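Okay, so here's the structure we're looking at.
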Amino acid sequence: MTVRDLLEMKRRGDPIAVLTCYDVLFARLLEEAGVDIILVGDSLGQVVLGYDSTLPVTLDEMIHHTKAVRRGAPHTFTVMDLPFLSYQVSDEDALRSAGRALKETGVQAVKLEGGDEKACSRVRALVQAGIPVMGHVGFVPQSIHALSGNRVQGRGGDAAARIRAEAKALQAAGCFSVVLELVSGTLAAEVTRELAIPTIGIGAGVECDGQVLVLPDALGLNPAFSPRFLRRYAELARDASLGIAGYVSDVKARRYPGPEHTFAEEA
Ligand code: KIV
């Protein structure tokens, strides 16, 4: 999979399947399943590290987890999120952060949030240095406080026009694709038609070129989180709880380990 293959998938109308990932075991499963793109998202902050937003996530934390993902899925096109304040201040910061991502983890691309002139300037700087960039507009979690929480974006004429303009500006700046998060299906469909690069939707309806979900949400590891756009493909929290309770009860009742788990003194 390359940037060019992704553009070709859009041209052919082949849906692009993207999932987030943060560790080696799930990375292996994602690669085996043939996911098109792995995104090491800064959702890491909430779903793995227990922060209440993506804001505290550091570049070192992103790199640490991305290295693990790359070890589990060395053949899958992987994108690493640039975390909050690793690119907002200057083009130079963006270049240093994205450079570390590519050099230290081996990812093929980075993702950054926003579509205003500053974000586009960061994209141009990275693309000029040969670093592919995925954009991200609509609900942008690194601006959660400015946006007053998780809410659908782009409702109303001006707001919708701004998101369309941002997506187009990111394409003009050189992004190879753009995530559309929490926008109406109508707006996402319009943006998807207007762009030559693939749109990857999350809570953005049925007409995006691809879809992305946060893996623990999709696998039911995070059952308290059930937004309208989510479909659960497994109930891992339930299965894990049953497994853990079974282990504890077996140990307490001396049902585990059994003779079959016990080494003899000599073979
Ligand atoms: O951090 C993340 O997981 C993301 C996806 C929700 C697109 O940015």
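Residue numbers run from 1 in the order of the sequence given. Atoms within each ligand, like the ligands themselves, are counted from 1 in listed order. Everything numeric in this text was worked out from a predicted model, so none of it was measured.
- Looking from atom 6 (C) of ligand 1 to the surrounding protein, the closest heavy atom is Ile202 CD1, 3.8 Å.
- Among all protein heavy atoms, the one lying closest to atom 3 (O) of ligand 1 is Ser43 OG, 2.5 Å.
- From the protein, the heavy atom lying nearest to atom 8 (O) of ligand 1 is Lys111 NZ, 2.9 Å.
- Looking at ligand 1, you'll find an N or O of Asp81 within less than 3.5 Å of one of its N or O atoms.
- The Thr20 neighbourhood of ligand 1 comprises atoms 3 (O), with distances under 4.0 Å to a heavy atom of that residue.
- Gln171 contributes a side-chain N or O that, together with a main-chain N or O of Ala196, makes up a donor-acceptor pair within less than 3.5 Å.
- In this structure, CG on Asp36 lies 6.5 Å from CD1 on Ile16, to the nearest 0.5 angstrom.
- Of all protein heavy atoms, the one closest to atom 7 (C) of ligand 1 is Leu39 CD2, 3.7 Å.
- Put simply, the side chain of Thr199 gets close to the backbone of Asp209: a donor and an acceptor are under 3.5 Å apart.
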Walk me through whether Leu6 and Met1 qualify under side chain to side chain contact (heavy atoms under 4.5 Å, CB included).
CA-CA 7 Å; Leu6 290 168; Met1 181 66 73; 3.6 Å; yes
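- Which parts of ligand 1 touch Gly41 is read off a 4.0 Å heavy-atom cut-off, strictly below it: atoms 1 (O), 2 (C), 3 (O).
- Summarising the local packing, CZ of Arg4 is surrounded by 12 or fewer heavy atoms from other residues, nucleotides or ligands at distances under 6.0 Å.
- Salt-bridge check for Arg124 with Glu117: passed, with a basic side-chain N closer than 4.0 Å to an acidic carboxylate O.
- Using a 4.0 Å cut-off between charged nitrogen and carboxylate oxygen, Arg100 and Asp60 count as a salt-bridge pair.
- Atoms of ligand 1 lying under 4.0 Å from at least one heavy atom of His136, given by number and element, are 8 (O).
- At a heavy-atom cutoff of 4.0 Å, ligand 1 is contacted by both the backbone and the side chain of Asp42.
- Under a 4.0 Å heavy-atom criterion, Glu113 is not in contact with ligand 1.
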